[in-house]
Amino acid sequence: MAKTNDISVEEKLRALYDLQIIDSRLDEIRNTRGELPIEVEDLEIEIEGLEKRAEKFHADIKEQDDQIKTKHEVINHANTLIEKYKSQQDSVRNNKEFEALSKEIEYQELEIQLSEKRIKEFGAKISHKNETLDELNEKINDLKNHLKFKKEELEGLISETQKEEEYLIEQSKEYASKIDERLLASYNRIRTNSPNGLAVVGLERGAPKGSFFTIPPQKQMEIAQRKKIIIDEHSGKILVDDELVMEENERMNSVIKF
């Protein structure tokens with residue numbers, strides 16, 4: 001059936017319902033995977049977040065290590081100056097020079113004490129961060145193992161229906177190409193807003209499938225005549241008559257059979 005505005009309303013309704021049959025089968029296949037795709041995605045996001053946090057811990061630890069190295073350099077420099085000042089004290093000419101050197105020595109000793117204090121503080125922070133990092137890495141490894149298991153489970157489910165799914169995706173594209181763009185856009189919008197993915201439904205005991213609101217007899221007759229596209233005012237779905245449903249279900253069995 002060529003894509004044209006000249007095709008009858010009935011042909012449009014049949015094309016829409018055929019597409020619905022294919023898309024519903026695709027939904028069934030994907031629903032067999034349950035929450036697994038979401039679980040896999042959530043695990044990947046959680047692992048990514050924890051790895052970024054671990055990277056920050058590594059950066060913090062490196063920064064603390066660099067601070068410790070700097071403080072050791074300060075200590076080494078202070079010790080060098082102390083030795084120098086003590087050597088100079090042996091050749092001073094008066095008490096004033098001796099006292100001045102003593103003050104310099106005292107200042108450098110304070111620098112050493114302060115640096116040693118800072119080194120201990122940095123060391124304590126590194127120790128704490130390493131403990132937290134170990135716990136973090138353990139959690140990341142556990143989550144990665146869990147993710148691997150979930151991925152294998154998902155891949156197993158996908159592999160069982162992969163060929164059928166690929167086939168149906170191509171069929172969906174082919175049948176969608178038979179429907180004019182505006183009507184197809186409406187179909188896709190209704191399908192997206194429908195919890196069960198149904199955009200085109202038949203009538204069951206006078207009510208749209210899945211609805212409790214009965215369609216008035218006059219409206220049912222209009223639906224059966226297939227002269228115009230009728231939207232259910234309660235569910236927002238496109239309505240087709242029972243006979244069309246039975247005919248297209250039977251005809252499409254050979255298309256979706258795999």
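Computation of the quantities below employed the complete heavy-atom set of this structure, encompassing side-chain atoms and omitting hydrogens, waters and symmetry-equivalent molecules.
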- Task: Please test Arg25 against Glu28 for salt bridge (Lys or Arg N to Asp or Glu O under 4.0 Å), starting from the C-alpha separation and ending with a verdict.
- Result: CA-CA 5 Å; Arg25 176 55 189 153; Glu28 285 177 21; 3.1 Å; yes
| message | Treating Ser127 as the side-chain partner and Gly123 as the backbone partner, does any N or O pair qualify as donor plus acceptor under 3.5 Å? | response | no
Given the options Leu198, Ile223, Ile229, Ile238 meets side-chain contact (heavy atoms from CB on, under 4.5 Å) only with Ile229
* **Same apolar cluster: Ile190 and Val9, side chain cutoff 4.5 Å** => yes
Value for CG (Asn130) from CD (Glu135), rounded to nearest 0.5 Å, stands at 11.5 Å
* Quick one: do Leu26 and Leu154 end up in the same hydrophobic cluster if we chain Ile, Leu, Val, Met, Phe, Trp and Tyr together by side-chain heavy atoms under 4.5 Å apart? -> no
Of all heavy-atom pairs linking Arg33 and Pro37, the shortest is O-CD, 3.6 Å
Ignoring hydrogens and angles, tell me if any N or O in the side chain of Thr80 forms a donor-acceptor pair with the backbone of Asn76 under 3.5 Å. yes
Evaluation steps, side chain to side chain contact (heavy atoms under 4.5 Å, CB included), between Glu153 and Val40: CA-CA 10 Å; Glu153 189 178 354; Val40 167; over 6 Å; no
Atom pairs and distances, side-chain donor-acceptor, residues 143-151, under 3.5 Å, sequence neighbours left out:
| from | atom 1 | to | atom 2 | distance (Å) |
| --- | --- | --- | --- | --- |
| Lys144 | NZ | Glu51 | OE2 | 2.9 |
| Asn145 | ND2 | Asn141 | O | 3.2 |
| Lys150 | NZ | Glu39 | OE1 | 3.1 |
| Lys151 | NZ | Glu44 | OE2 | 3.2 |

On a heavy-atom basis, the closest approach of Asp23 and Tyr187 is OD2-OH, 2.7 Å
- [ ] Look at atom CD of Glu166 and say whether more than 12 heavy atoms of other residues, nucleotides or ligands are closer to it than 6.0 Å.
- [x] yes
Worksheet entry | Criterion side chain to side chain contact (heavy atoms under 4.5 Å, CB included) on Tyr17 and Val245, from CA distance to verdict | CA-CA 8 Å; Tyr17 191 74; Val245 167; 3.2 Å; yes
Closest non-hydrogen atoms of Ile140 and Ala54, given as atom of the first, atom of the second and distance, are CD1-CB, 4.3 Å
Using modelled atom types only, decide if a donor and an acceptor are shared between the side chain of Glu243 and the backbone of Ala224 within a distance under 3.5 Å. no
Separation between CD1 (Ile61) and CZ (Phe122), nearest 0.5 Å, reads 14.0 Å
- Task: Would you please test Ile231 and Lys237 for side chain to side chain contact (heavy atoms under 4.5 Å, CB included) and show each step?
- Result: CA-CA 5 Å; Ile231 306 291; Lys237 293 179 173 57; over 6 Å; no
**Asked** Under a single-linkage definition using a 4.5 Å side-chain heavy-atom cutoff for Ile, Leu, Val, Met, Phe, Trp and Tyr, are Leu168 and Val200 assigned to the same hydrophobic cluster?
**Response** yes
So OG of Ser159 and CG of Leu157: to nearest 0.5 Å the spacing works out to 7.5 Å
For Ile75 and Ser115, the nearest pair of non-hydrogen atoms, with its separation, is CG1-CB, 3.6 Å
Evaluate salt bridge (Lys or Arg N to Asp or Glu O under 4.0 Å) for Asp18 paired with Arg251, printing each intermediate quantity in order. CA-CA 9 Å; Asp18 291 346; Arg251 191 178 71 80; 2.3 Å; yes
- [ ] Would you check if the side chain of Ser24 reaches a backbone N or O of Ile21 as a donor-acceptor pair within less than 3.5 Å?
- [x] no
Might you work through the salt bridge (Lys or Arg N to Asp or Glu O under 4.0 Å) test for Glu121 and Arg118, ending with a clear yes or no? CA-CA 5 Å; Glu121 290 172 355; Arg118 291 286 182 265; 3.2 Å; yes
Open item on the list: I'd like to know if Arg191 and Asp27 make a salt bridge, using a cut-off of under 4.0 Å between side-chain N and carboxylate O.
Closed with: yes
So CG of Leu133 and CD of Glu55: to nearest 0.5 Å the spacing works out to 11.0 Å
Output for pair (Arg30 CZ, Leu36 CG), nearest 0.5 Å, gives 15.5 Å
Quick note, side chain to side chain donor-acceptor pair (under 3.5 Å) partners involving residues 64-74, not counting sequence neighbours, are Lys62-Asp66
Is there a path of hydrophobic side-chain contacts, each under 4.5 Å between heavy atoms of I/L/V/M/F/W/Y residues, joining Leu244 to Ile215? no
Notebook entry, point to check: Can you list the steps and then say if Glu250 with Met246 is a side chain to side chain contact (heavy atoms under 4.5 Å, CB included)?
Noted result: CA-CA 6 Å; Glu250 185 177 348; Met246 288 188 289; over 6 Å; no
Distance col, row Glu160:CD vs Glu165:CD, nearest 0.5 angstrom, shows 12.5 Å
Closest non-hydrogen atoms of Asp232 and Pro208, given as atom of the first, atom of the second and distance, are OD2-CG, 3.6 Å
Enumerate, atom names and distances included, each donor-acceptor pair closer than 3.5 Å involving a side-chain atom of residues 101-114, sequence neighbours excluded.
| from | atom 1 | to | atom 2 | distance (Å) |
| --- | --- | --- | --- | --- |
| Ser102 | OG | Gln89 | NE2 | 2.8 |
| Ser102 | OG | Phe98 | O | 2.9 |

Please determine, by modelled atom types, if Glu164 and Thr161 share a side-chain donor-acceptor pair under 3.5 angstrom.
-> no
Task: salt bridge (Lys or Arg N to Asp or Glu O under 4.0 Å) between Glu247 and Arg14, intermediate numbers included - done: CA-CA 9 Å; Glu247 289 172 357; Arg14 289 184 185 276; 2.7 Å; yes
### Query
Taking the six-membered ring of Tyr175, is the NZ or CZ of Lys178 close enough (under 6.0 Å from the centre) and on axis enough (within 45°)?
yes
Are more than 12 heavy atoms from other residues, nucleotides or ligands located less than 6.0 Å from atom NE2 of His234?
-> yes
### Query
Are Val92 and Leu81 in one and the same hydrophobic cluster, where Ile, Leu, Val, Met, Phe, Trp and Tyr link if side-chain heavy atoms are under 4.5 Å apart?
yes
